[in-house]
Amino acid sequence: MATVLTTAIDVCFNPQNSDTKKHSLFLKPSLLRQSRTRKLNISCSSLKQPKTLEEEPITTKTPSLSEQLKPLSATTLRQEQTQILSKPKSVWVNPTRPKRSVLSLQRQKRSAYSYNPQIKDLRAFAQKLNSCNFTEKSEFLSLLDEIPHPPDRDNALLVLNSLREWQKTHTFFNWVKSKNLFPMETIFYNVSMKSLRFGRQFQLIEEMALEMVKDGVELDNITYSTIITCAKRCNLYDKAIEWFERMYKTGLMPDEVTYSAILDVYSKLRKVEEVLSLYERAVATGWKPDAIAFSVLGKMFGEAGDYDGIRYVLQEMESMDVKPNVVVYNTLLEAMGRAGKPGLARSLFNEMLEAGLTPNEKTLTALVKIYGKARWAKDALQLWEEMKAKKWPMDFILYNTLLNMCADIGLEEEAERLFNDMKESVQCKPDNFSYTAMLNIYGSGGKAEKAMKLFEEMLEAGVQVNVMGCTCLVQCLGKAKRIDDLVYVFDLSIQRGVKPDDRLCGCLLSVMALCESSEDAEKVMACLERANRKLVTFVNLIVDEKTEFETVKEEFKLVINATQVEARRPFCNCLIDICRGKKRHERAHELLYLGTLFGLYPGLHNKTIKEWSLDVRSLSVGAAETALEEWMRTLANIIKRQEDLPELFLAQTGTGTHRFSQGLANSFALHLQQLSAPFRQSDRAGIFVATKEDLVSWLESKFPPLVTSQA
DNA sequence: ATAGGGTTAG
């Protein structure tokens, strides 16, 4: 039975079984300069599955590079932009007319802070304002009149700087301004805007900026960078760019702080080309970027999963002799993880240690996550030992990341130790995600008893159950055939506010496929009915022999279309398993056909001149068997039509790198044996091979050619 | 959080 236990849930919800190869979405930076003259499309949308089902695959159109560059080239950087787009760097430039600079190499100077003899009184006053409740503005205003010293320039500035909530800062600013004791200088606006930024009050910030323009108060680099970063934090990227361009128009040159803020804006917009163009322009006019600018670039390439870009950042830093700090290392480590380079992340981490830097919580979180996802148990454990030995800083997020890593790798005892550490700590008490990680570990390890105990503990502690925890438990209890417990957990979770999602439904569906008694199946069905009534209706429809194919096709389309993209294939896998369990083999074939038709199984068949292969790594046991049968039928027809076949045939089940998700290879092997198919285990695990000769003779015995067709 | 830019989970 153990082999059957690997259901669609294991197969499809564990990413290592699907093709997760990431493609570099970006050209090597060395190629960038040449390629800019061409129209480039650097969007990753073509790698995503379409959200809506159509029989024809959809290719999403994205704006071409020239279109993407238009807003910038048409406005701020008009003259310069066209030049950099068309001319390589080596072209001789007239030295009497050097390129116009895009940023000021001098940072904005700050006014010196002068000592205020009233500091004690004023601080105490500010504290009082901070602790008062700002529900009634009039109450706050009456408190302001109790200011111990007259609100002249220096006193007002000190109080303004000490206020926390943006409402209070804003009110205080207006109060001071209305007194007309002195003209409001730029610094008053800047301090207030910073506070408003904490409250993400972009609209108010913009109002203040326009007020400055109206009153003739100078906007400096600090003002602009505050406006830009506030817009950025409020996801108002258009506004950020608008104010950046406005700055140029008023004749003010950004310094490196404002400049790297705007680089980050373009980076968040995923406008990689613009970022690099701005970066190179600035460097060409003498800017030596600092660590923060490189961190922005590194993050951008990390988000694109672009390894070449990350390497480019490292090279640039080296050639400009800028030493990465901890934040830059953190960003680049994370980026390496996203680019799927755990080994390079490890080297980078070692380099960081050799440079004498001490990793912080974020460094370790990034690395633990990378090792966990890569299932590098040895490195993960070694890092953990090192963390403890060197007493590197730990925080709540790191604890939970370590727990998730244990779940990824299957380290039950270590997770239990960590979990107990958390319980005993003061700062890092387990939250619902810590519990969920533990449920995941017990669930995937088949420890139904421990999982149930933890669930009870969770309920007693009043920890919120989430949908993932519920899903882990349902899966575990389903495998253990503890259907009554499953129903209990499901009921309680719903009562506690869990909203079932498609993964949970897929999990219930896979348990249904496993149920041996119809009594159990009905219990699970009743749960599923509460989560997704239409799915249950569809199950009843497909197991009914009388249902016509066209009806199945229409309903399939509706059901799958209403399902989240990542749960579509698991649904289809489970539906096929259910049909096979009820001996509706033809229906299973129809479902596999429909799944293929709607793009749920890309890359199932692969052909080269030498070999044809069937890749069932992302299929459930039943779906894999159905796919094999379908393949054999197709090959038999090809033989009948006497068409060419390659020398070698290959079926790939994969082995599942997760120690909990094996079993497809075993059950597939068993199925081959039952069919007495001539596929043999190859030297490479999870691959079955047959020669043309063996396969043809076997197929001819299975599907003998019709006598009449020979006549 | 004491006038401006960059890094952490599910």
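Residue numbers begin at 1 in each chain, while the letters A, B, ... track the order of the sequences.
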- Task: Could you tell me the separation between the CZ atom of A:R153 and the P atom of B:dA3, rounded to a whole number of Å?
- Result: 12 Å

- Item | Given B:dG6, B:dG5, B:dT2, the nucleotide with the shortest approach to the side chain of A:N161 | B:dT2

- Gap between atoms CG and C1', on A:D431 and B:dA9 respectively (whole Å): 10 Å

- Message: If we ignore hydrogens and angles and just use 3.5 Å, is the side chain of A:S267 paired with the main-chain N or O of A:L263 as donor and acceptor?
- Response: no

- The residue among A:D220, A:D290, A:D255 that forms salt bridge (Lys or Arg N to Asp or Glu O under 4.0 Å) with A:R107 is A:D290

- Quick one: label A:D255 by what it contacts on the DNA or RNA (base, sugar-phosphate, nothing), any heavy atom closer than 4.0 Å. base

- Message: I'd like to know if A:N221 reaches the base of B:dG5 with its side chain such that a donor and an acceptor end up less than 3.5 angstrom apart.
- Response: no

- Query: When we call it a touch if two heavy atoms are under 4.0 Å apart, what does A:S192 touch: a base, just sugar-phosphate, or nothing?
  - Reply: nothing

- Option passing side-chain contact (heavy atoms from CB on, under 4.5 Å) with A:N360 (candidates A:V327, A:T365, A:V326): A:V326

- Message: Please report the distance, rounded to the nearest Å, between CD in A:Q201 and P in B:dA1.
- Response: 19 Å

- Task: Looking at every strand, decide which applies to A:T229 at a 4.0 Å heavy-atom threshold: base, sugar-phosphate, or nothing.
- Result: sugar-phosphate

- Message: Is there, by distance only and without an angle test, a donor paired with an acceptor across the side chain of A:T226 and the base of B:dA3 below 3.5 Å?
- Response: no

- Query: Between atom CG in A:L333 and atom P in B:dG6, what is the gap in whole Å?
  - Reply: 19 Å

- Query: With sugar-phosphate meaning primed atoms plus P, OP1 and OP2, does A:K232 contact a base, only sugar-phosphate, or nothing at under 4.0 Å between heavy atoms?
  - Reply: sugar-phosphate

- Message: One pair to check against side-chain contact (heavy atoms from CB on, under 4.5 Å): A:Y224 and A:T250. What are the steps and the verdict?
- Response: CA-CA 12 Å; A:Y224 281 110; A:T250 62; 3.8 Å; yes

- Task: For A:N130, report the nucleic acid contact type (base, sugar-phosphate, nothing); a contact means any heavy atom under 4.0 Å.
- Result: nothing

- Item | Residue A:I222, side-chain atoms from C-beta onward, closest of B:dG5, B:dT2, B:dA3 | B:dA3

- Message: By the 4.0 Å heavy-atom rule, please label A:R123 as base, sugar-phosphate, or nothing.
- Response: base

- Task: Please work out if A:V191 contacts a base, only the sugar-phosphate, or nothing of the nucleic acid, heavy-atom cut-off 4.0 Å.
- Result: sugar-phosphate

- Looking at A:Y307, does the NZ or CZ of A:K341 lie under 6.0 angstrom from its six-membered ring centre and within 45 degrees of the ring axis? yes

- A:I187 atom CD1 is separated from B:dA3 atom C1', nearest whole Å, by 5 Å

- From the options B:dT8, B:dG6, B:dA1, select the nucleotide whose nearest atom is closest to the side chain of A:I397. B:dT8

- Message: For the residue pair A:E206 / A:W243, report whether a side-chain donor-acceptor contact shorter than 3.5 Å exists.
- Response: yes

- Query: How is A:D220 classified with respect to the nucleic acid when contacts are heavy atoms under 4.0 Å: base, sugar-phosphate, or nothing?
  - Reply: base

- Task: Return the nearest nucleotide to the side chain of A:E334; candidates are B:dA9, B:dG6, B:dA1.
- Result: B:dA9

- Nucleotide B:dT8, atom P - distance to CD of A:E361 in whole Å: 13 Å

- Is there a donor N/O on one and an acceptor N/O on the other, under 3.5 Å, for the side chain of A:D290 and the base of B:dG5? yes

- Distance, P atom - from B:dA1 to B:dG6, rounded to whole angstrom: 14 Å

- Task: Remember a base hit wins even if backbone is also touched, and classify A:V328 as base, sugar-phosphate or nothing at under 4.0 Å, heavy atoms.
- Result: base

- Out of B:dA9, B:dG5, B:dT7, whichever nucleotide has its closest atom nearest the side chain of A:V327: B:dT7

- Query: How is A:N400 classified with respect to the nucleic acid when contacts are heavy atoms under 4.0 Å: base, sugar-phosphate, or nothing?
  - Reply: base

- Taking CG from A:D264 and P from B:dG5, how many angstroms apart are they, rounded to a whole number? 11 Å

- Distance-only side-chain donor-acceptor flag, A:T229 / A:R197, under 3.5 Å: yes

- Just checking A:T363: base, sugar-phosphate only, or nothing, at a heavy-atom cut-off of under 4.0 Å? nothing

- Taking only the side-chain heavy atoms of A:R107 (C-beta and beyond), determine which of B:dT7, B:dT8, B:dG5 contains the nearest atom. B:dG5

- Task: Report yes if a side-chain nitrogen or oxygen of A:K299 is closer than 4.0 Å to either non-bridging phosphate oxygen (OP1 or OP2) of B:dT8; otherwise report no.
- Result: yes

- Item | Nearest-nucleotide pick for A:N190, side chain only, options being B:dG5, B:dT2, B:dA3 | B:dA3

- Query: With sugar-phosphate meaning primed atoms plus P, OP1 and OP2, does A:R197 contact a base, only sugar-phosphate, or nothing at under 4.0 Å between heavy atoms?
  - Reply: sugar-phosphate

